[in-house]
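Inspection log for the structure reproduced underneath, given as structure tokens.
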Number of protein chains: 2
Amino acid sequence: MPPADPHSNPLVRKLDNFARLSFEERRILHHAATERVRRIGARESLVHEGGKPPDISLLLSGWACRYKMLSDGRRQILAFLIPGDLFEQNGHVLREMDHSIGTLTPVEVGEIARPRFDEVLSERPRIAQGLLWDTLVGAAIQREWTVNLGRRDAPERVGHLLCELFVRLQSVGLTLGNRCDLPLTQNELADATGMSTVHVNRTIQDLRAANLIILREKTLTIPDMDTLKRATRFSPTYLHLQRVGGHLDASD
Amino acid sequence: MPPADPHSNPLVRKLDNFARLSFEERRILHHAATERVRRIGARESLVHEGGKPPDISLLLSGWACRYKMLSDGRRQILAFLIPGDLFEQNGHVLREMDHSIGTLTPVEVGEIARPRFDEVLSERPRIAQGLLWDTLVGAAIQREWTVNLGRRDAPERVGHLLCELFVRLQSVGLTLGNRCDLPLTQNELADATGMSTVHVNRTIQDLRAANLIILREKTLTIPDMDTLKRATRFSPTYLHLQRVGGHLDASD
DNA sequence: CGACGCCTTGACTAATCTCAAGGGTGGTGG
DNA sequence: CCACCACCCTTGAGATTAGTCAAGGCGTCG
């Protein structure tokens with residue numbers, strides 16, 4: 001059951017990092033996103049490369065990822081989807097998916113039909129701006145992953161990714177102090193960072209030994225965020241969380 | 001001097017790969033993009049990380065790139081911009097640039113003021129759709145680079161990039177048979193593929209020895225595209241060039 | 001009680017980087 | 001006009017990083 005309270009809707013929370021929505025806007029957005037909710041188990045396929053793009057979908061709970069398989073079985077994870085992430089917002093423009101999307105944990109996905117979505121956007125420009133901001137941040141994250149894979153060494157790469165995930169989870173209220181859930185296997189981290197599973201394992205052990213992270217039982221603890229940021233050259237600028245649309249804030 | 005004929009405008013040509021524009025739309029788009037043209041030399045900065053996003057800009061001729069520097073001087077090239085590429089279409093939404101843009105060759109850049117741009121979009125939905133398509137293709141390219149850096153070995157990586165550039169150049173009419181200009185140094189290829197310059201050099205020699213590419217004096221020749229595609233596991237699907245908006249074609 | 005997935009370790013191999021140096025070319029200033 | 005410099009491409013040798021293969025422990029779930 002999706003939460004009844006708009007304020008606990010992770011997309012609503014995320015957009016607060018851009019500009020404050022009005023009470024009415026929160027209600028509308030939450031309602032549209034929870035009218036039709038699918039519950040899906042872990043490690044299932046949501047969208048298949050080559051297939052038709054799905055309806056606009058919002059991850060309400062759980063984790064998923066975009067990924068691409070090569071013909072010989074190599075997999076690259078392109079992005080992690082966490083609660084509050086909208087996917088295929090503009091899917092209807094393309095004929096077919098160029099990558100796949102699959103769940104990592106059990107998830108709840110809210111599906112919004114195109115006409116309903118367009119209606120919300122045209123009636124609520126602040127929401128439209130917020131979702132545009134979200135799309136741009138998504139592109140910035142993809143660029144940062146390019147940097148990560150291309151120019152950072154193993155400890156930086158893994159640590160940087162963990163930093164990013166922590167900050168993103170924080171922006172939707174899914175952290176508790178310096179801790180958060182991290183339901184990823186080392187194999188998934190490897191496919192996201194372009195490394196082998198064995199090397200991820202050794203790298204994590206190094207990060208642990210340097211007391212940069214504590215990671216066990218699917219929980220990540222960051223003892224000292226500043227130190228980890230410095231060690232991994234993480235600068236959160238690219239996440240554009242500084243309420244860049246603050247001038248659009250609703251007044252109610 | 002920008003070309004006077006809309007049909008030779010590289011953006012107009014590119015959008016033809018999505019849906020056919022009307023005569024009037026071509027004229028409007030070309031006109032808006034060439035009202036104010038800046039000419040800039042090679043290896044100059046167009047936009048600086050941390051600075052304010054620029055006006056909407058269209059690369060009319062020459063090459064540029066998006067890139068990011070790390071604090072110790074490592075550079076990652078995030079994207080190559082070729083004629084017809086629009087950049088910072090939605091820059092106004094973000095407060096500051098999270099990466100830089102610089103020229104690689106001398107370029108001509110058309111700048112379009114935001115109000116003028118919005119006017120064109122709202123009056124010409126087919127252009128708006130085309131530019132949205134272009135943005136989505138840009139995101140798909142960024143994802144493909146993620147795959148390239150994360151999961152392909154050196155020869156695949158370089159060859160795949162060359163395939164992509166060739167096909168993109170083709171889509172704006174900048175190839176001649178199986179040849180195209182490729183004004184990149186091996187150092188720039190290295191920063192794009194996440195490799196060292198030395199290794200790029202050796203990899204190119206391997207590709208040459210296998211007769212997959214001919215690359216000299218800034219000209220790339222691909223003797224057999226099918227073989228190169230197979231060797232580098234290149235599938236052009238992600239470029240979405242199959243006229244996916246064909247149902248929107250103008251009738252004049 | 002297996003079977004399986006996940007994390008871990010060791011030993012070995014392969015890919016890639018770094019450092020160093022030389023040749024070619026084009027542009028610039030004396 | 002020529003010397004010089006900067007940049008680019010190339011090559012070799014050695015160091016380093018990361019991958020592969022193989023195996024064992026541990027917990028979970030049917």
At 4.0 Å (heavy atoms only), tell me whether Arg74(A) reaches a base, stays on the sugar-phosphate, or touches nothing. nothing

Would one find a side-chain N or O of Gln205(A) under 4.0 angstrom from OP1 or OP2 of dT9(C)? yes

When the distance from CZ of Arg216(A) to P of dG27(D) is rounded to whole Å, what number comes out? 14 Å

Nearest to the Asp153(B) side chain among dG10(C), dA20(C), dT16(C), which nucleotide is it? dT16(C)

Take atom NE2 of His199(B) and atom C1' of dA15(C), then tell me their distance rounded to the nearest Å. 6 Å

Check the distance between dT20(D)'s P and Asp72(A)'s CG and give it to me in whole angstrom. 10 Å

Lys218(A) NZ to dG27(D) P, in whole Å, measures 15 Å

Ionic contact status for Glu88(A) with Arg66(A), cut-off 4.0 Å: yes

Checking only heavy atoms, does the side chain of Arg43(A) share a donor-acceptor pair with the base of dG5(C) at less than 3.5 Å? no

Taking NZ, NE, NH1 and NH2 as the nitrogens, is one of them in Glu44(B) or Arg38(B) under 4.0 Å from a carboxylate oxygen of the other? no

Please say whether more than 12 non-hydrogen atoms of neighbouring residues, nucleotides or ligands are located less than 6.0 Å from CD1 in Ile214(A). yes

Heavy atoms of other groups near Arg179(B) CZ, more than 12 under 6.0 Å: no

Taken to the nearest whole Å, CD/Gln186(B) to P/dT25(C) is 15 Å

Taking CZ from Arg202(B) and P from dA15(C), how many angstroms apart are they, rounded to a whole number? 14 Å

Gap between atoms CG and P, on Asn187(A) and dG5(C) respectively (whole Å): 11 Å

Please report the interatomic distance CZ(Phe80(A)) to CD1(Ile141(A)), rounded to the nearest 0.5 Å. 12.0 Å

If I take atom CZ in residue Arg208(B) and atom C1' in nucleotide dC9(D), what distance separates them, rounded to the nearest angstrom? 9 Å

Which part of the nucleic acid, if any, lies within contact of Arg151(A), taking any heavy atom under 4.0 Å across all strands shown: a base, the sugar-phosphate backbone alone, or nothing? nothing

Please confirm whether the shortest side-chain N or O distance from Asn201(B) to OP1 or OP2 of dC9(D) is below 4.0 Å. no

Once you apply a heavy-atom cut-off of 4.0 Å, does Thr185(B) come out as touching a base, just sugar-phosphate, or nothing? sugar-phosphate

